[in-house]
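Read the numbers this way: they start at 1 and go in the same order the structure lists the ligands and their atoms. This is a predicted model, so every value here is computed, not measured.
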Amino acid sequence: MIWDVEHECMSRSRLEELQLERLKWTVNRVYSKVPHYREKFEKLGIVPEGIKSVNDLKYLPFTTKEDLRNNYPFGLFAVPQKEVVRVHASSGTTGRPVVVGYTANDLNTWTDLTARMVSLAGVTSEDVAQIAFNYGLFTGGFGLHYGLERAGALVVPVSGGNTERQLMLMKDFGTTVLISTPSYSLYIAEVAEKMGIDISSLKLKIGLFGGEPWTEEMRKEIESRLNIIATDNYGLSEVMGPGVAGECNCKCGHHIAEDHFIVETIDPETGEVLEPGEEGELVFTSLTKEAFPVIRFRTKDISRITQDVCQCGRSTARMRKIVGRTDDMLIIRGVNVFPSQIESVLMTIDGIGPHYLINVHRRNFLDELEVVVELTREDLLEPYSKLEDFSSYIRQKLHSVLSINVRLKIVQPGTLERGAGKAKRVFDYRNQPTA
Ligand code: DLL
């Protein structure tokens with residue numbers, strides 16, 4: 001079902017008219033209500049009346065996570081605090097978090113957009129939706145919660161963790177939709193196997209996953225282990241949370257809520273705006289947000305955009321699955337390596353589990369990439385030469401994609417940490433003082 005036919009199936013010319021009207025409204029608001037934006041605009045000699053078409057967006061300055069941090073906590077709010085009814089914060093592991101706020105109208109819009117997104121994946125009022133995202137400052141739990149309720153699903157707000165209980169509820173309540181990070185869904189599958197639960201006896205049919213990067217190969221693994229259709233949804237706190245973009249069930253790109261956000265792709269080095277189809281950093285401008293509008297927010301997420309009408313009938317632009325982040329890319333002895341390239345290789349190898357770690361060290365002035373994987377086939381343990389052959393097979397496969405030698409560490413199943421939140425898989429020790 002198409003949740004909002006008017007906005008999801010608009011012609012591009014009508015959409016651009018709407019975007020322009022809303023862009024003017026947003027630019028006026030930030031100029032008059034947020035000193036940070038006003039100062040930036042004045043430095044560049046920009047006045048809101050200068051915006052005559054959506055293309056003029058490119059003249060506006062970028063906003064970065066640094067700008068947001070420097071205005072911690074409420075410095076970029078465009079309404080008096082009494083009009084803000086909720087805050088969330090982004091999941092940074094270091095430094096100050098980025099705090100974002102919502103008015104009652106913003107929450108209503110957000111709910112509508114997450115309802116749109118879950119409908120994209122095929123969720124209806126017939127469904128029982130179990131939310132295994134953490135509730136709290138993270139936008140995942142609450143964001144999906146209200147959208148699923150609005151779409152009419154029966155919501156089970158279990159939150160992340162306590163995996164055995166998740167499975168018990170899944171069985172007893174007849175859960176049909178699982179909402180979690182992709183990495184947590186694999187852990188749920190693993191615990192189900194340990195508990196002797198036959199996955200095919202569950203009613204689960206759709207997984208709404210997001211919040212962290214995952215490859216197509218990881219999707220296949222999840223779909224086969226949980227016997228579901230796994231769709232991806234993308235969002236970020238700074239822009240709103242989940243609901244910014246999501247896949248329909250043809251899984252051919254994430255439909256972007258372009259009536260509420262303008263997306264651009266830029267060259268991360270030069271800031272130059274790229275053509276549709278070209279890969280670059282995604283940049284979002286909000287069009288309807290009241291409490292926390294953002295102008296040209298640089299996400300650091302890398303993708304590409306297409307404006308072709310999708311086979312599902314929606315005309316909104318689609319973004320391809322995120323391939324990585326500009327700050328995730330590792331440079332190992334001069335070679336660029338994305339963690340997603342490593343994941344894609346590992347997921348196709350029979351005999352290792354889907355959990356992995358990437359460690360980067362510098363030894364004797366040389367960068368060294370170590371990949372840690374869990375062995376799942378006991379028959380490879382003996383004789384020892386079998387394990388050696390298997391290890392060199394994996395290293396060769398990684399070498400053929402990355403063009404660098406990788407150190408491989410094979411550990412017992414269950415050794416690597418699993419969690420309900422976003423998986424942390426890359427540890428770069430190069431700039432840390434050695435003991
Ligand atoms: O992760 C919002 C969200 C929650 C989206 C639940 C989807 C589902 P933040 O905590 O602010 O917000 O983190 C945003 O996470 O810039 C990406 O780097 C990454 N990310 C989010 N969704 C995806 C995805 C939420 N589907 C940051 N694929 C973003 C790849 C994703 N990366």
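- R22 is linked by a salt bridge (Lys or Arg N to Asp or Glu O under 4.0 Å) to nothing, counting only residues two or more places apart in sequence or in another chain.
- Remark: ligand 1 and D232 share an N or O pair separated by less than 3.5 Å (distance only, no angle test).
- Contacts with ligand 1 closer than 4.0 Å are made by side-chain heavy atoms of F133 only, the backbone lying farther away.
- Annotation: Y37 is not in aromatic contact with Y31 [ring centroid separation under 6.0 Å not met].
- Taking each of E212, K422, M319 in turn, the one with a heavy atom nearest to atom 27 (C) of ligand 1 proves to be K422.
- The shortest N/O to N/O separation between D301 and ligand 1 falls below 3.5 Å.
- Looking at K300 against ligand 1, nothing comes within 4.0 Å, counting heavy atoms.
- Using a 4.0 Å cut-off to heavy atoms of I322, the atoms of ligand 1 that qualify are 28 (N), 30 (C).
- Taking every heavy atom of G140 and a limit of under 4.0 angstrom, the matching atoms of ligand 1 come to 4 (C), 6 (C).
- Note: L226 CG to M170 CE = 7.5 Å, rounded to the nearest 0.5 Å.
- H88 has its ring centre less than 6.0 Å from the ring centre of Y102.
- Partners of H361 according to the ring pair (Phe, Tyr, Trp, His ring centres under 6.0 Å) rule, which considers only residues two or more places apart in sequence or in another chain, are Y429.
- More than 12 non-hydrogen atoms from other residues, nucleotides or ligands lie less than 6.0 angstrom from CD of E278.
- The proximity of N233 to ligand 1, defined as any non-hydrogen pair under 4.0 Å, involves the side chain as well as the backbone.
- Of all the atoms in ligand 1, the ones that sit under 4.0 Å from a non-hydrogen atom of S237 are 9 (P), 10 (O), 11 (O), 12 (O).
- Between the CZ atom of F427 and the CZ atom of R430 there is a distance of 14.5 Å, given to the nearest 0.5 Å.
- On a distance-only criterion, L144 and ligand 1 share no N/O pair closer than 3.5 Å.
- Here the CZ atom belonging to F173 is positioned 8.5 Å from the CG atom belonging to L154, to the nearest 0.5 angstrom.
- For L236, heavy-atom contacts with ligand 1 shorter than 4.0 Å involve the backbone as well as the side chain.
- If you check each of A245, G243, P242 against atom 3 (C) of ligand 1, the one with the closest non-hydrogen atom is P242.
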